[in-house]
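Protein chains get the first letters and strands the later ones, always in sequence-line order, with residue 1 at the start of each.
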Amino acid sequence: NAGVTQTPKFQVLKTGQSMTLQCAQDMNHNSMYWYRQDPGMGLRLIYYSASEGTTDKGEVPNGYNVSRLNKREFSLRLESAAPSQTSVYFCASFTGTGNSYEQYFGPGTRLTVT
Amino acid sequence: EDQVTQSPEALRLQEGESSSLNCSYTVSGLRGLFWYRQDPGKGPEFLFTLYSAGEEKEKERLKATLTKKESFLHITAPKPEDSATYLCAVRASNTGKLIFGQGTTLQVKP
């Protein structure tokens, strides 16, 4: 049981390049999330998927697109990277039944855009 | 507007010196208050979810409590390995999304 996995762990891009961050969870959770974490800004929600086949914008969606490929996988795409997208990106999955909610995070992808 | 504020930003303790971290929140319809621990270079690690005022949960030296306006994370007799950033987040009933505070960075010196 690996939990939430993310690839790659590190990435350096040049301005204007594109890339896709991959995320997978093996806990059979319905909801998945993409966050970015910046010093002094805390964790900010980029996009989320409440269930397979649905996606919604979070707090900072500009410059990003997402795909919920299936129940396990949720990818984040940067079409034209900008230096402002230098950050640590975390994927998370969420389970909630009745009054029991838990959210688990992956190890993160550290992205630098030059 | 839903908001989460954590204090203090940083806390230095001697080993064995108990203290508390605060998480104040304003949210329309709380559907859970979450506590996480984050070590440098790693993803947040889930600790607790609290659901209603008066609820308490414990894990080793950590005890989380919840009122209608804030939550406390009490650390009893901390050890150096408790050094980390502790994050608080709330889930609002009308969105399902989590809103995070800025975190409290705890350093425990031997």
Visitor: Looking at residues at least two apart in the chain, or sitting in another chain, which of them share a side chain to side chain donor-acceptor pair (under 3.5 Å) with S49(A)?
Guide: R68(A)
Visitor: Quick one: sort the Y35(A) and F100(B) rings into parallel, tilted or perpendicular, breaks at 30° and 60°.
Guide: perpendicular
Visitor: Is the distance from the ring center of F105(A) to that of F46(B) below 6.0 Å?
Guide: no
Visitor: State whether the side chain of T49(B) and the backbone N or O of Y101(A) hold a donor-acceptor pair below 3.5 Å, judged by distance alone.
Guide: yes
Visitor: Nearest 0.5 Å please: distance from the CG atom of L43(A) over to the CG atom of L87(B).
Guide: 6.0 Å
Visitor: With a 4.5 angstrom heavy-atom cut-off, is it the side chain or the backbone of R44(A) that approaches chain B, or both, or neither?
Guide: neither
Visitor: Going only through I, L, V, M, F, W and Y residues with side-chain contacts under 4.5 Å, is there a path from L45(A) to L111(A)?
Guide: no
Visitor: Can you list everything that forms a side chain to side chain donor-acceptor pair (under 3.5 Å) with T105(B)? Sequence neighbours excluded, please.
Guide: T85(B)
Visitor: Looking at every non-hydrogen atom in both residues, tell me the closest pair between G43(B) and F90(A) and how far apart they are.
Guide: CA-CE2, 3.3 Å
Visitor: Chain A: which of Q38(B), E45(B), Q6(B) shares the most heavy-atom pairs with it under 4.5 Å?
Guide: Q38(B)
Visitor: In this structure, would L47(B) and L106(B) fall into the same cluster of hydrophobic residues linked by side-chain contacts under 4.5 Å?
Guide: yes
Visitor: Which atoms of F48(B) are under 4.5 Å from chain A, going by heavy atoms: the side chain, the backbone, both sets, or neither?
Guide: neither
Visitor: Give a yes or no on whether V88(A) and V113(A) share a hydrophobic cluster (residues Ile, Leu, Val, Met, Phe, Trp, Tyr; joining criterion: side-chain heavy atoms under 4.5 Å apart).
Guide: no
Visitor: Taking all heavy atoms of Y48(A) and all of K97(B), pick out the closest pair and write down the distance.
Guide: CE2-CD, 3.2 Å
Visitor: Are M27(A) and F94(A) co-members of a hydrophobic cluster defined by side-chain heavy atoms under 4.5 Å apart?
Guide: yes
Visitor: Using non-hydrogen atoms and a limit below 4.5 Å, what part of residues 7-20 of chain A faces chain B?
Guide: none
Visitor: For residues 54-61 of chain A, please give each side-chain donor-acceptor pair under 3.5 Å, one per line with the distance, not counting sequence neighbours.
Guide:
unit_1: T54(A); atom_1: OG1; unit_2: S51(A); atom_2: N; d: 3.2
unit_1: T54(A); atom_1: OG1; unit_2: S51(A); atom_2: O; d: 2.9
unit_1: T54(A); atom_1: OG1; unit_2: S51(A); atom_2: OG; d: 3.4

Visitor: Around atom CZ of R61(B), are there more than 12 heavy atoms from other residues, nucleotides or ligands closer than 6.0 Å?
Guide: yes
Visitor: Under a single-linkage definition using a 4.5 Å side-chain heavy-atom cutoff for Ile, Leu, Val, Met, Phe, Trp and Tyr, are I99(B) and L30(B) assigned to the same hydrophobic cluster?
Guide: yes
Visitor: Below 4.5 Å, heavy atoms only, C-beta onward: do Y36(B) and Y104(A) meet side chain to side chain?
Guide: no
Visitor: Looking at CG of L98(B) and CD of Q103(A), how far apart are the two atoms once the value is rounded to the nearest 0.5 Å?
Guide: 5.0 Å
